Structures are given as structure tokens and as C-alpha cells.
**Student:** 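Attaching a single structure in C-alpha cells format; questions to follow.
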Amino acid sequence: MITKKMQDAFNAQVGAEFYSAFLYLSMAAYLEDIDLPGAANWMRIQYQEEKSHAEKIFEYVIERDGRAEIPAWEAPKKAWKDAMDVFESAYAHEQKVTALIGGLVKTARAEDDHASEIFLQWFVNEQVEEEASVKAIIQQLKMVDTSRGGLYMIDRELASRTFTPPATA
Ligand code: FEO
């Protein structure tokens, strides 16, 4: 059985993960609008990943005999300045999510909940990967600067990203 405090913290994170999902789907819509379908594909995959994060936490709360709840989340932003602005916003967002995961780890420790602490390790590692992958795209965008040809090449590469569902906990 999970404590009420841990359960509430996980339920709040479900909302944060769904918010992330729809933020990235909104970014995909914007990237389609500025004719970068590959980058939009990358964000659609990100959307699927975030949904899977929310679901992974949702299922975990249930598995621990807690009461899973879906909180409300705010509507995502709709427009950005350009592709660089999108990926920089995504990077800043992932840093916020990393801090939220860190907060959950602290709660698990305070609640003496070893199972939740172990469960959260997957998310701790995932955040390292997520921050690094967005940062790599920002670095590529910086390299091509305003070159349309360079942007086209990056977009083609981002088009190849596919979704791999995470292994169950
Ligand atoms: Fe679910 Fe991108 O953190």
C-alpha cells in the first residue's frame, strides 16, 4: 500500500506528464505549420513518450493499491518564434520535469517508500536521456544557424524517429 502523500505526489506527476504530452503535440502542430514535418514527427513521438510516462505512473499507483486520479492541466502554448525557440522551450521544460522527478524521489525517501524510490530510478535515467536528446538537437540547429539547406537536413533526420514503448516496471 502506498501512503496518501506519495499517492497524491504521483497523481500530480500524472498531470505533469500529460501536460508535457500535449505541450509537445502543440509543438508538433506549430512545426507542421512552419513546414518542418520531420521536427513535427520528433515531437509527435515525444507526445507518445510523455503519455507512456503518465500511464506508467498511473498503473504503478494502482499496482500499489492506491487511488489513481487524473488531475487537470493547463492548455499548452500554441506558437513559438522558430524551430530553435521550440527546442529551447522543450529543453527548459525537461529541466523542470527533472526537478519534479527529483521532488518525487525526495518524497519517496521521506515516506520511507523504497519501492517508489526504485520505481522512480527509471524516470531519473529517462530525464538524463531526454535532456541530452533535446540538447543535441539545439546544438545541431545552432550549427546550421539560418541555412535553409542545413535545416532541411536536420528535419530529414528528425523524421526518422520512431516510438519504442518503455518496458513495464
Ligand atoms: Fe516525461 Fe519528458 O518527461
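Both ligands and their constituent atoms are indexed starting at 1 by order of listing. It should be emphasised that the depicted structure is a prediction, and the values quoted were computed from it without experimental measurement.
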**Student:** Using 2.8 Å as the threshold, say whether any N, O or S atom from Glu130 sits that close to atom 1 (Fe) of ligand 1.
**Tutor:**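 No - counting backbone and side chain alike, Glu130 has no N, O or S atom under 2.8 Å.
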**Student:** Does Arg161 come within less than 4.0 Å of Glu49, counting only side-chain N to carboxylate O?
**Tutor:**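 Looking at Glu49 together with Arg161, the answer is yes, because their closest N to O distance falls below 4.0 Å.
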**Student:** In this structure, are over 12 heavy atoms from other groups packed under 6.0 Å from Lys77 atom NZ?
**Tutor:**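 Yes, NZ of Lys77 has more than 12 neighbouring heavy atoms, counting only those of other groups under 6.0 Å.
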**Student:** Kindly confirm whether atom 2 (Fe) of ligand 1 is within less than 2.8 Å of some N/O/S atom in Glu50?
**Tutor:**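 Checking Glu50: at least one N, O or S atom is under 2.8 Å.
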**Student:** Give me the one residue out of Tyr24, Trp80, Trp42, Tyr30 that meets ring-ring contact (aromatic ring centres under 6.0 Å, His included) with Phe87.
**Tutor:**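 That would be Trp42.
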**Student:** Is there an N/O/S atom in Glu17 that lies less than 2.8 Å from atom 2 (Fe) of ligand 1?
**Tutor:**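 Of the N, O and S atoms in Glu17, none lies under 2.8 Å from atom 2 (Fe) of ligand 1, which means no.
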**Student:** What distance separates Phe22 CZ from Phe18 CZ, expressed to the nearest 0.5 Å?
**Tutor:**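 Going from CZ on Phe22 over to CZ on Phe18, the span is 7.0 Å.
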**Student:** Taking the N/O/S atoms of His53 one by one, which is nearest to atom 1 (Fe) of ligand 1?
**Tutor:**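 Result: ND1.
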**Student:** Between atom 2 (Fe) of ligand 1 and Glu126, is there an N, O or S atom separated by less than 2.8 Å?
**Tutor:**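 So Glu126 does not bind atom 2 (Fe) of ligand 1 by this criterion.
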**Student:** Can you give me the closest heavy-atom contact between Phe58 and Val14, atom names plus distance?
**Tutor:**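 What the structure gives for the nearest pair is N-CG2, 3.9 Å.
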